[in-house]
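Just below is one structure, and these are the notes that go with it.
Count residues from 1 along the sequence.
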Amino acid sequence: MTIRVVVVDDQDMVRSGFAALLSAQSDIDVVGQAPNGRLGIEVSRSTHPDVVLMDVRMPEMDGLEAARQLLDPLPGVVHRPRVLMLTTFDIDDYVYAALHAGASGFLLKDAPVAELVQAVRVIAAGEALLAPSVTRRLIEDVARSRPVPRQDTRVRLNGLTPRETEVLLLVAQGLSNAEIAARLVVAQQTVKTHMTRLLTKLGARDRAQLVVLAYESGLVAPGRSHPAPGT
């Protein structure tokens, strides 16, 4: 299946460069481009992409507001693409806010071509871009700036079963479904079932928001190593 992508960035060379790199992939089709968030929304609403590459800082409408409108649209708008935020900063509260808005992750603009292409594929497949070390560093640094766990988030985690809590901990560590299945010695379908229940119980859109919730609740502490489940 071909992945439909829209690239939104106010720098012409960056935007066209990303579009060219992605278009060169046999399984990716760049269906639109835009120089700011406002036009990015218009292009996305008309082309229905699977993934939107969204720059964080742009004129007229920034990437955060555009992501919010795409991911939480007005009544009557059915299509909701997945959003991958692009940034030149590896630590940025702005991107953390984007994860809260429902973005599926973020990527540095100077990332290798292979990493950009893989990021699009990962997000199109319904995963969140959590594997690159920079993403973990972002979340941990922001968590350090908010050292007191949010009580409302801790209460929400109280409704999880012990196994669901184990899965959430592994998700927060950046493990994929396959890696979680291997760690817990269960089938991948079992992990998918736990993921569905976690998303439903915690009211999260995707894995990225699950990671944020894990840090905010205090389940995962920045800079602290965690034992493997069952040890």
Exercise. With the side chain counted from C-beta on, respond yes when V5 and L53 share a heavy-atom pair under 4.5 Å apart, and no when they do not.
Key: yes

Quiz item: Mind checking whether D27 and R121 have side chains closer than 4.5 Å, heavy atoms only?
Solution: yes

In residues 77-84, what donor-acceptor pairs under 3.5 Å come from side-chain atoms, sequence neighbours left out?
unit_1	atom_1	unit_2	atom_2	d
H79	NE2	P49	O	2.7
R80	NH1	L71	O	2.6
R82	NE	I123	O	3.4

Self-check item: Residue pair L210 / M195, side-chain heavy-atom distance below 4.5 Å
Solution: yes

Quiz item: Hey, does L157 have a side-chain heavy atom less than 4.5 Å from the side chain of L168?
Solution: yes

Quiz item: Would you say F18 and V30 make side-chain contact, with heavy atoms under 4.5 Å?
Solution: no

Self-check item: Main-chain N/O of L22 paired with Q25 side-chain donor or acceptor, under 3.5 Å
Solution: no

Self-check item: Main-chain N/O of V31 paired to D29 side chain as donor or acceptor, under 3.5 Å
Solution: no

Quiz item: Under 4.5 Å between any side-chain heavy atoms of V56 and L64, yes or no?
Solution: no

Mind listing the side-chain donor-acceptor pairs of residues 34-43 below 3.5 Å, one per line with the distance, residues two or more places apart or on another chain?
unit_1	atom_1	unit_2	atom_2	d
N36	OD1	R38	N	3.1
N36	OD1	L39	N	2.9
N36	ND2	E60	OE2	3.4
R38	NE	E60	OE1	3.1
R38	NH1	E42	OE2	3.3
R38	NH2	E60	OE1	3.0

Self-check item: Spacing of R197 atom CZ and R163 atom CZ [to the nearest 0.5 Å]
Solution: 12.0 Å

Quiz item: Is any NZ, NE, NH1 or NH2 atom of the basic residue among D55 and K109 found under 4.0 Å from an Asp or Glu carboxylate oxygen of the other?
Solution: yes

Quiz prompt | M61 side chain reached by Q69 side chain, heavy atoms, under 4.5 Å | solution = yes

Exercise. Indicate yes or no for a side-chain donor-acceptor contact from T165 to the backbone of T161 under 3.5 Å, with no hydrogens or angles considered.
Key: yes

Practice problem: Please name the residue in the list I3, I28, V120, T2 that meets the side chain to side chain contact (heavy atoms under 4.5 Å, CB included) test with D50. | Solution: I3

